[in-house]
Every structure is written in structure tokens, then in C-alpha cells.
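Remarks on the structure that follows.
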Amino acid sequence: VNDVPPVIRNGRTMLPARFIAEALGGTVTWNEADQKVTIVKDDITLEIFINEPFAVVNGTPVELDSPAFIENSRTYLPMRVIAENLGATVDWNAETRTIKITPGK
């Protein structure tokens, strides 16, 4: 259960890093000096830097349309980028304004 609500920034749903990554079986570490979140699951390493317009997935830069940020001591990351790079499928239902995340196999 997430103890804070999602935040919409630049039309993107942002969630605390641990909530989405750990729910999908990933581990999360925080590097204060670099302002970087690292998420690891199996052979996937996802690095996201606070206020930067890119992430790094297995060494390859990936453009973000909404950068990560810190608010109320929580590190918010773009939910779709995390979920899809950890093998999940993300579906948006505009009518009900809900997001469904289906873990990969």
C-alpha cells in the first residue's frame, strides 16, 4: 500500500520509487551524493537522476518527458518508465482515470 498519492507532472503519473519498483520485484538504492535512484531487477539496471531529463537503462540513456523529483522527503519517479523497464505492461483508462500495471512473467 502506497502511503502517499501519485503526483501528476507534465501529464505523467509519478510515484515514489520504492512503491512501484519493489512491487515489481526490484530493489532500490539511493545515492545522495549523485542524487540518483538505482533500481535492479534480474539483469536490468535502471538509474534515474533527480531533475534530469534522462534515465540510464543497462548503460543506455533513455529520454524522460518528466524528470524525477523529491517532494516531502519522497523521491518520485515516472511510473511508466519504471514499470515498463522492469517488464510490466501499463494501461491507462481515461474514462475511470485509473492505471493498471500488469507484471511481466
Side-chain angles (χ1 to χ4, degrees):
V1 175
N2 191 14
D3 61 348
V4 296
V7 173
I8 306 295
R9 290 269 172 100
N10 301 322
R12 298 292 175 228
T13 303
M14 311 290 278
L15 287 170
R18 288 194 190 282
F19 176 72
I20 187 73
E22 290 178 353
L24 293 172
T27 58
V28 179
T29 57
W30 168 248
N31 181 314
E32 179 72 30
D34 293 335
Q35 294 283 285
K36 176 179 75 169
V37 174
T38 302
I39 300 169
V40 177
K41 180 184 176 192
D42 302 325
D43 61 346
I44 300 163
T45 299
L46 174 62
E47 298 170 295
I48 299 178
F49 301 84
I50 301 303
N51 296 320
E52 294 293 337
F54 65 91
V56 179
V57 180
N58 288 344
T60 302
V62 175
E63 186 177 346
L64 300 175
D65 49 13
S66 191
F69 63 92
I70 298 173
E71 185 172 286
N72 297 323
S73 300
R74 298 298 176 114
T75 304
Y76 285 82
L77 305 178
M79 186 255 343
R80 183 177 292 275
V81 170
I82 298 168
E84 289 180 347
N85 279 289
L86 295 184
T89 302
V90 179
D91 294 301
W92 165 250
N93 183 321
E95 184 177 310
T96 61
R97 298 182 49 90
T98 56
I99 297 168
K100 180 180 177 183
I101 300 172
T102 306
K105 304 237 183 232

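All values reported here derive from a predicted model rather than from experimental measurement. Residues take their numbers from the sequence shown, with the count starting at 1. These numbers come from the heavy atoms of this one structure, side chains and all, not from hydrogens, waters or symmetry mates.
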Mind checking the [atom1]-[atom2] spacing from [X] to [Y]? Nearest 0.5 Å is all I need.
{"X": "Thr75", "Y": "Leu15", "atom1": "OG1", "atom2": "CG", "value": "12.5 Å"}
{"X": "Glu22", "Y": "Thr27", "atom1": "CD", "atom2": "OG1", "value": "8.0 Å"}
{"X": "Lys100", "Y": "Thr89", "atom1": "NZ", "atom2": "OG1", "value": "9.5 Å"}
{"X": "Ile99", "Y": "Thr13", "atom1": "CD1", "atom2": "OG1", "value": "3.5 Å"}

Might you point out which heavy atoms bring [X] and [Y] nearest each other, and give the distance in Å?
{"X": "Leu24", "Y": "Ala83", "answer": "CD1-CA, 3.6 Å"}
{"X": "Glu71", "Y": "Tyr76", "answer": "O-CE1, 3.8 Å"}
{"X": "Val57", "Y": "Leu46", "answer": "CG2-CD1, 3.4 Å"}
{"X": "Ala88", "Y": "Pro103", "answer": "CB-CA, 4.0 Å"}
{"X": "Glu47", "Y": "Thr38", "answer": "CG-OG1, 4.0 Å"}
{"X": "Glu52", "Y": "Leu64", "answer": "O-CD1, 4.0 Å"}

Do [X] and [Y] share a hydrophobic cluster (ILVMFWY, side-chain heavy atoms under 4.5 Å, transitive)?
{"X": "Val40", "Y": "Ile20", "answer": "no"}
{"X": "Met79", "Y": "Ile44", "answer": "yes"}
{"X": "Met14", "Y": "Val37", "answer": "no"}
{"X": "Val4", "Y": "Ile82", "answer": "no"}
{"X": "Phe19", "Y": "Ile101", "answer": "yes"}

**Request:** Identify, with sequence neighbours excluded, every residue that meets ring pair (Phe, Tyr, Trp, His ring centres under 6.0 Å) alongside Phe49.
**Result:** Phe54

**Asked** Quick one: does Arg97's side chain get under 4.5 Å of Trp92's, heavy atoms only?
**Response** yes

**Item:** Ionic contact status for Arg80 with Asp65, cut-off 4.0 Å
**Value:** no

**Message:** One pair to check against side chain to side chain contact (heavy atoms under 4.5 Å, CB included): Asn85 and Ile39. What are the steps and the verdict?
**Reply:** CA-CA 10 Å; Asn85 279 289; Ile39 300 169; over 6 Å; no

**Request:** May I ask you to check whether over 12 heavy atoms, not counting those of Asn93, lie within 6.0 Å of atom CG?
**Result:** yes

**Prompt:** For Phe69, is the NZ or CZ atom of Arg9 found under 6.0 angstrom from the centre of its six-membered ring and inside 45 degrees of the ring axis?
**Reply:** yes

